[in-house]
Chemist: 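Here's a structure for you.
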Amino acid sequence: MSGKGDGDPLGEAIDAMAGSARAFTFDGDLPAADHESGAPESRRLVLGEEDPRDSGLAEHVVSEDVAWTGRIFNVDRLRVRMPDGREALRDVVRHPGAVAVVALTDDGRICLVRQYRTALGRVTVELPAGKLDPGEDPLDCAVRELAEETGVRAERMAFLTTIATSAGFADELIHIYMATGLRVTRSSPDDDEFINVDLVPLSELVDAVLDGRIEDAKTVVGALVCDAVARRLAPTSEE
């Protein structure tokens, strides 16, 4: 069924919807390819693009156009050439990146924010976090966001790790920091942010993560990394 028609708004809308659907389901529309995944190998850990075989996995961008422009991120539509020479469409969310902060008190409590997330339709419990401004250093952003959202300021801020939130369709990277030497001042959240702040024991947060009660990705990673660091730094008792 085609919705095409001269000046027909409904037909144009149907065609646009069909095009979007094809972009998300192109794998099933492409001719079947006779290839298999690489055979499993028992080996040491080799990171992406450090294995010579990875060159045979690369996709090459043929064209890229902005499909949608939003306040926080854009969606680009890429036409790529796959390793076997066929072409496919990839819709990619272009995001400026963000930071998250594991703020740890001297008595082992983690600073968490409670915020209503419209996308999920409920309040979530998360690490303080925020979007990078253009050209902003992630460390500066971490200091700013922690103070704005929670009123907490830190004497020390250390980098923990960086995560790709949804590598299948987004280029967003979240840089996670640990803050210590905390003191509480006045918060100043954005005009559209309404936040409550909790200080909870690290052990309770880790238990909630392991029980599947915390679903926010940056919070899951931040809690587990913080716990792992704390365990490695803890003095071992001699037998």
Chemist: When rounded to the nearest 0.5 angstrom, what distance separates OH in Tyr116 from CZ in Arg122?
Modeler: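 Here the interatomic distance stands at 9.5 Å.
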
Chemist: Heavy atoms only: give me the nearest Tyr177-Leu139 pair and the separation to one decimal.
Modeler: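 Taking every non-hydrogen atom into account, OH-N, 3.3 Å.
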
Chemist: Identify the two heavy atoms, one from Cys226 and one from Leu202, that lie closest to each other, and give their separation to 0.1 Å.
Modeler: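 For Cys226 and Leu202, the tightest heavy-atom pair comes out as SG-CD2, 4.0 Å.
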
Chemist: So, Thr165 versus Glu172: side-chain donor-acceptor pair below 3.5 Å or not?
Modeler: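 A pair is found: one side chain offers a donor N or O, the other an acceptor, under 3.5 Å apart.
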
Chemist: Might you point out which heavy atoms bring Leu199 and Thr105 nearest each other, and give the distance in Å?
Modeler: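 Closest approach of Leu199 to Thr105, heavy atoms only: CD2-CG2, 4.2 Å.
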
Chemist: Would you say Asp216 and Val125 make side-chain contact, with heavy atoms under 4.5 Å?
Modeler: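 Asp216 does not reach Val125 side chain to side chain.
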
Chemist: Is the CG atom of Asp191 crowded by more than 12 outside heavy atoms at less than 6.0 Å?
Modeler: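 No.
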
Chemist: Would you say Ile176 and Val225 make side-chain contact, with heavy atoms under 4.5 Å?
Modeler: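 No. Closest side-chain heavy atoms not under 4.5 Å.
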
Chemist: Quick check on Arg156: does its CZ atom have over 12 non-hydrogen neighbours (other residues, nucleotides or ligands) under 6.0 Å away?
Modeler: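 Yes, because the 6.0 Å sphere around CZ of Arg156 holds more than 12 heavy atoms from other groups.
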
Chemist: Answer yes or no: is there a side-chain heavy-atom contact under 4.5 Å between Pro128 and Thr150?
Modeler: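 With C-beta onward as the side chain, the pair touches.
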
Chemist: Do NZ/NE/NH1/NH2 and the carboxylate oxygens of Glu204 and Arg213 come within less than 4.0 Å?
Modeler: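 So Glu204 does not pair with Arg213 through a salt bridge.
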
Chemist: Test your reading of the model: is there a side-chain donor-acceptor pair from Asp65 to the backbone of Ala67, 3.5 Å cut-off?
Modeler: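 Absent.
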
Chemist: Taking everything shown except Arg231 itself, do over 12 heavy atoms lie less than 6.0 Å from its CZ?
Modeler: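 12 or below, so no.
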
Chemist: Count the heavy atoms of every other residue, nucleotide or ligand shown that sit under 6.0 Å from CD of Glu41, and state whether that count exceeds 12.
Modeler: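 Atom CD in Glu41 is packed in, count exceeds 12.
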
Chemist: Where do Glu145 and Gly130 come nearest, in terms of heavy atoms and distance?
Modeler: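 In this case the closest contact between Glu145 and Gly130 is CD-CA, 3.5 Å.
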
